[in-house]
2 protein chains.
Amino acid sequence: MSEDGRQDGGARRGRRPRMADVAARAGVSLVTVSRALGQPQLVSPETRQRVTAAVAELGYLPDLVAGSLASSQTRIVGAVVPTLANSFFAASVQGLSEVLDAAGYQLLLGNSGYDTRREQSLAAAFLGRRADGLVLTGSRHEAALRGVIAGAGVPVVETWELPAEPLDMVAGFSNDAAAEAMTAGLLDWGYRRIAFVGLPDGGESRSDQRRKGWRRAHADRGLEAGPHIAVEDANSPVGGEAALERALALAPAVDALFCANDTLALGAIVACQKAGVAVPGRIAVAGFGDFDLAPHLVPGLTTVRVPGGEMGETAGRMLLDRLAGRRVEPRVVDLGFEIVRRASA
Amino acid sequence: MSEDGRQDGGARRGRRPRMADVAARAGVSLVTVSRALGQPQLVSPETRQRVTAAVAELGYLPDLVAGSLASSQTRIVGAVVPTLANSFFAASVQGLSEVLDAAGYQLLLGNSGYDTRREQSLAAAFLGRRADGLVLTGSRHEAALRGVIAGAGVPVVETWELPAEPLDMVAGFSNDAAAEAMTAGLLDWGYRRIAFVGLPDGGESRSDQRRKGWRRAHADRGLEAGPHIAVEDANSPVGGEAALERALALAPAVDALFCANDTLALGAIVACQKAGVAVPGRIAVAGFGDFDLAPHLVPGLTTVRVPGGEMGETAGRMLLDRLAGRRVEPRVVDLGFEIVRRASA
DNA sequence: TCCGATGATGAAAGCGCTATCATCCGCTAC
DNA sequence: GTAGCGGATGATAGCGCTTTCATCATCGGA
């Protein structure tokens, strides 16, 4: 291949080459280049090879913006998570990203900061970019979202919950069933006064559901639930530390702490270590999420394993299936959970 | 506003409205709509108001793909991180995302899995989407990347390191200086045989640099560095646990473990707890990163605080400045680090 | 009274691709 | 021999916007 200087078909100096430049260089029409790149089987091997060579010589990079406009599909999926500073959602994003990447799709990511209005505006922005699909976290959205999505006509997957009225598809699990199961486990293991540690009422949809499950486990057995110890910030161990202190002061004595997530549980366990409180001897601690560190804490954290990465992967696959024109059945996938009993309860 | 049925200027049924539909409805030309939306100050208040009303009535969402093609700017920034399953990079992405969001930019995210070829192909894909800027992690890239970026002519920020030959701009810190400072601290505090726990040689750029700093701190004082305890996976506490076991078996006795990151350090501390090894009495443990949990471990983790979120924010701001046509000086920003001494060393 | 500013609006020309339809060739089938 | 067909290629028309340039009032100053 000639390295020296631009030839006839070469791109004008200083401009990034376009498909027409490649075409000229390869001595074919623009359409043929488009086909050679997009549907190579429609082009003869020699032509394809000439095009490939021209692409390489010019360093041509197809403009996917133009392609998207012409084909009205972007191969972009938008995802909104409450926060990235949290390994749980990060795992989902990672799973999603990998599935999409393998299919040549790209991920447009936004974080809502647990604010449904920001979620709404991010979703709108993604749709404005003509994302082919959307992945959302949770079931609580602005009322207007439904209309915006319907108007755009793109497939959507909600994750991390099992909404009563899904927008479209769901890849999630039941937070209340999981919390109920965890609570039932604690009761079965002999704990009698189980406090729930989490956000106040209405603080956040998933925390609320978990609290509901905890309450129901008691109700189903005719027991009265223990106290709800409210924390301000569910994403810091500090809340767990404070909760332990409060729990120890309560009478009748609380013998187990069910934390709305593992970060809080870690705070509680650490506070116990510092205060010399035996876990689970004096007080048991259970978490929710089963983060990486759960088995490594001392004592190992009893918790609920949730399908973080799988939700992302499944959401991605559902979207891709739908975009490929395949029917997605069922539209609501419950990825389940698992009670993981370690030493802390 | 009339709810009932489409009117003259309304969009054809079943199609999503375009700018022309809005224009017809508002009784102005398409250009005016474009201006009313993009540069409202160029349009009279009444007209602007008519357009706004028409937009609302039709539920019009501008097509940013078309806009991008026409204006040749996408307001999209692409970012590549090694992994999201790691709170360190997640913090950077979060910081970046927030800065971009506030400026009306969107984030296209990819994870390379610590593979430079995947980084390269992601970067190329982002450039194909005509991202206005790129944020990369680290300084080790495929050779071809430089040319691809130069060809696209977009601003780039490298993060998490201080590359010797930056691609363009940098928002990072010196891993070797930080590791050297941490090691110097350990030496100052009286530890004499400090093992480094991290990936094997050449495993990863940042781990290598940290090891280099550890070695240099010794060399500068005419001391011989302790052993390098290699682990397979630096992102799991398991490596730290294994490392502790190996360290305890060494003679002469290792009295401090300097782990290439906090996750490994956590593994080591936990292993000590389990084995009843006093920290720092028998062996001190230092980490790198200062993740959320560091102050909450028992004992609190002595570590290096790195500017995770700030690198993301700074990278975002540098990009935005450059895109706004402002000069960015200096192009290499060292965000520094901080030695945080807690109880573990 | 006329003129160049100034402000508000519009018409037309693309941005760089893909979709669609047309063309052309060589081949098989009768 | 020729109709018919599939494979390979090309010409053309947009995709829905922004940009640029043109138009046309309106207005204060000479």
Side-chain angles (χ1 to χ4, degrees), chain A residues 11-12 15-51 54-55 58-76 104 125 127-132 151-153, chain B residues 11-12 15-51 54-55 58-76 125 127-132 151-152:
Chain A
R12 293 158 267 172
R15 267 195 69 289
R16 78 174 57 172
R18 299 173 306 175
M19 201 171 259
D21 300 318
V22 176
R25 179 125 190 168
V28 297
S29 79
L30 182 152
V31 208
T32 301
V33 175
S34 174
R35 270 194 285 255
L37 265 28
Q39 298 139 265
Q41 74 283 3
L42 295 184
V43 167
S44 77
E46 313 88 79
T47 308
R48 197 185 310 157
Q49 136 72 19
R50 293 236 305 287
V51 170
V55 165
L58 295 172
Y60 171 70
L61 203 57
D63 186 327
L64 300 182
V65 172
S68 295
L69 180 60
S71 68
S72 55
Q73 64 146 332
T74 53
R75 294 193 157 255
I76 283 184
L127 293 176
R129 299 211 179 269
R130 294 301 179 254
D132 288 340
Chain B
R12 293 158 264 172
R15 267 192 71 288
R16 78 173 57 172
R18 301 173 304 176
M19 200 170 259
D21 299 319
V22 176
R25 179 123 189 171
V28 297
S29 79
L30 183 152
V31 209
T32 301
V33 175
S34 174
R35 271 194 285 256
L37 265 30
Q39 297 139 264
Q41 75 283 1
L42 296 184
V43 167
S44 76
E46 313 88 79
T47 308
R48 197 186 312 157
Q49 135 74 19
R50 293 236 305 287
V51 170
V55 165
L58 294 172
Y60 171 69
L61 203 58
D63 187 326
L64 300 182
V65 172
S68 296
L69 179 62
S71 68
S72 55
Q73 65 147 330
T74 53
R75 294 191 158 255
I76 283 185
L127 294 175
R129 301 212 179 267
R130 293 302 180 255
D132 289 340

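Quick note on labels: first sequence line is chain A, next is B, and so on, each numbered from 1. What you see is a predicted model, and the numbers here were worked out from it, not measured in a lab.
- In the set C:dC17, D:dG10, C:dA8, D:dG10 carries the atom at the smallest distance from any side-chain atom of A:Val31.
- Here D:dG6 presents its C1' atom at 15 Å from CD of A:Gln41, a figure rounded to the nearest Å.
- C:dT18 atom P lies 14 Å from atom CZ of A:Arg18, rounded to whole Å.
- For B:Arg50 and C:dA8, the CZ to P distance is 15 Å, given to the nearest whole Å.
- B:Ser71 has no side-chain polar atom (N or O) that falls below the 4.0 Å cut-off from OP1 or OP2 of D:dT18.
- Scanning atom types as modelled, one donor and one acceptor separated by under 3.5 angstrom connect the side chain of B:Arg35 and the base of C:dG10.
- For the pair A:Gln73 and A:Ala66, nearest-nucleotide mapping onto DNA chain C gives the more 5' position to A:Ala66.
- For the pair A:Leu30 CG and D:dT9 C1', the computed distance is 13 Å after rounding to whole Å.
- Rounded to whole angstrom, the span from the CG atom of A:Asp63 across to the P atom of C:dC15 amounts to 12 Å.
- One interatomic measurement links the two molecules: CD of B:Gln49 to P of C:dT9, which rounds to 13 Å at whole-angstrom precision.
- Counting all heavy atoms, side chain and backbone alike, A:Asp21 lies closest to A:Arg16 at OD2-O, 4.3 Å.
- Looking at residues two or more places apart in sequence or on another chain, you find no side chain to side chain donor-acceptor pair (under 3.5 Å) involving B:Ser68.
- Ion pairing of B:Asp63 with A:Arg130 is present here, as a side-chain N (NZ or NE/NH1/NH2) and a carboxylate O approach within less than 4.0 Å.
- A straight line from CG of A:Leu64 to C1' of C:dC15 spans 15 Å, rounded to a whole angstrom.
- Contact between the side-chain N/O atoms of A:Ser29 and the OP1/OP2 oxygens of D:dA11 is not found at any separation under 4.0 Å.
- One can place CG of B:Leu42 at 14 Å from P of C:dG10, the figure rounded to the nearest angstrom.
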